[in-house]
*Asks:* 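One structure follows; several queries about it will come next.
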Number of protein chains: 2
Amino acid sequence: MSEQPSLIELALLELLASKRSLSLEEVSSELGLERGEVLEAFEKLSRNYMVKLEGGRISWFNGDNPSLFKPWGWMTHYKVVAGSTMVAARFLNPWSIVVAEYQLSGRGRFGKNWVSNLGGLWVTYKLRASPRAASISSIAIPLAVVEALEKNSNVVFNVKWPNDITFKGKKIAGVLLEAESIGEDIILYAGLGVNVNNEPPLDTATSLKSIIGELTPRNKILSIITSLVSRIEHYARRSENIIREYTSRLETLGRRVVVESEEGQLEGVVEDVDEQGRIVLKTDKGLMSLEPYKARSLRYVD
Amino acid sequence: MSEQPSLIELALLELLASKRSLSLEEVSSELGLERGEVLEAFEKLSRNYMVKLEGGRISWFNGDNPSLFKPWGWMTHYKVVAGSTMVAARFLNPWSIVVAEYQLSGRGRFGKNWVSNLGGLWVTYKLRASPRAASISSIAIPLAVVEALEKNSNVVFNVKWPNDITFKGKKIAGVLLEAESIGEDIILYAGLGVNVNNEPPLDTATSLKSIIGELTPRNKILSIITSLVSRIEHYARRSENIIREYTSRLETLGRRVVVESEEGQLEGVVEDVDEQGRIVLKTDKGLMSLEPYKARSLRYVD
């Protein structure tokens, strides 16, 4: 059930993003909606956004309004609707963050469609990184998402190699990494989709809201992830901790898996992971190493 | 086929309304769309809007961009999406004009739904008028629409009492009048829906584009209508011309009709129309006069 949000909800969100607080009459006037229509749209939005109606005024809690998120050292670009934050980022300078409330054609890995409904966090970081930092990003960035989720709940999350964050086997977030060379450096695009306050439309997915039973101010999650991404060079120089942390969360370790990759299907038991995010697979034909960006999908067979 | 416009088309329109001219790269970046997606959305918009793509830049012809329409003596409010321009106007001061590109719940007479798809002119005038001017408005405002349409084509349009403008029996525009008293004056809401460059989804409707085979800059139509509405008090003082003009366009005159009104059904032949827009119906029970605002629908039976 990947329903498109109503134009009324999107218009109200756009208005709240720019004005933060409005009387019901102002909303009626701005959007040309009857009071009842405004209340209905507010009620729907309030399931996925930290908005409140008090004394005849609708407001959006600053901490949940990503248009107000302005981390030091980054240019931020907020859009209620975007085709894809990955595409929007392509035209921006490094050290840009693009956040959208709704993506028309959110991209997952290998062009798979990614459902990005209202209340989630759909963001792309574009940064310039050393090759070493770029290569550790495939473990450091999923870990940054895990850390942000854990600091906002009292549960433990896992990583399903290569790019999914899970809770009890259900997907809560995904990471999409793309890279371009520029001289000796890498321009890195890290696209994150985190099911925070949305209702993911798939049975195989969950959201922070479903797990903890309440809404989380998304800027808290954004700021934790952003500060970790900002320190990627630092982590690249002392990667042991990162790898240890990542490995401790890697549910895929020790499991028998089938991986679909560009070069075909591989079956084996996951023995290890290295600092570039490659897994070592024990197959019938011996040990094989697999790059994270080559894996189209991973399925457990045990 | 009253298809909702795509979010991409609406987003592109919003962008063009505020920026007027953008390179394809700027559109891609702003909307997070691939070049191909931008071109596809442009192509769709160009069927209903005077937009052009030249030298890698998309622009919207000023004369077709109602956000640039700023007539003297009026406050203008432009919205790409609105619930209804009638509702938006309710909260504004008199001498306001609200224009929307798309109405979610455009209202026709008696709460009937009015389909307002992209490329039409959906506008509400809110003005303060003397009782006499308010009462002549039910003939003067339809006539203003006729005049604007005729000045932008070389064909003749008719009025189907009480509030439709027609061409060869097909509806091209509709007028919705609502009034509130304020002391001795009237606050008048004149809602107009004019099928200019849109494709009306009904067989019983047509548009200026279908008739003349090309797009018309909508601000030309807006400015003719606005200048006539601005002079409503003047017309109220010398109503003979208005009535003569209106009568000459009134296709309903002399026809046998069935009118559904608040008081039930009436059948008869339309004998006359007066300066308050009332028709005189010759029925089996004698002559009866009918107020325009009481008529729910009118059907020809000859």
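A note on names: the letters A, B, ... follow the listed sequences, proteins ahead of strands, and every chain is numbered from 1. These numbers come from the heavy atoms of this one structure, side chains and all, not from hydrogens, waters or symmetry mates.
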*Asks:* Counting heavy atoms not belonging to Lys52(A), are there more than 12 under 6.0 Å from its NZ?
*Replies:* no
*Asks:* Any non-hydrogen side-chain atom of Lys79(A) less than 4.5 Å from a side-chain atom of Glu30(B)?
*Replies:* yes
*Asks:* Could you go through the side-chain contact (heavy atoms from CB on, under 4.5 Å) check for Leu7(B) and Leu10(A) one step at a time?
*Replies:* CA-CA 10 Å; Leu7(B) 287 175; Leu10(A) 292 174; 3.7 Å; yes
*Asks:* Identify the two heavy atoms, one from Ala88(A) and one from Ser29(B), that lie closest to each other, and give their separation to 0.1 Å.
*Replies:* CB-O, 3.4 Å
*Asks:* Please classify the contact between Glu25(B) and chain A as side chain, backbone, both or neither, with a heavy-atom cut-off of under 4.5 Å.
*Replies:* both
*Asks:* So, do Glu34(B) and Arg90(A) sit near enough that their side-chain heavy atoms are less than 4.5 Å apart?
*Replies:* yes
*Asks:* Counting only heavy atoms from other residues, nucleotides and ligands, does the tally under 6.0 Å from CD of Glu40(A) exceed 12?
*Replies:* no
*Asks:* If I measure from the heavy atoms of chain A, does Glu26(B) come under 4.5 Å with its side chain, its backbone, both, or neither?
*Replies:* neither
*Asks:* Among Val81(A), Leu92(A), Ile8(A), Val98(A), which residue forms the greatest number of heavy-atom pairs with chain B at distances under 4.5 Å?
*Replies:* Ile8(A)
*Asks:* In Å, rounded to the nearest 0.5 Å, how long is the span from CG of Leu104(B) to CG of Leu31(A)?
*Replies:* 9.0 Å
*Asks:* Could you have a look at Gly32(B), Ser6(B), Ala89(B) and say which one has the most heavy-atom pairs with chain A under 4.5 angstrom?
*Replies:* Gly32(B)
*Asks:* Counting only heavy atoms closer than 4.5 Å, note whether Thr85(B) contacts chain A via side chain, backbone, both or neither.
*Replies:* neither
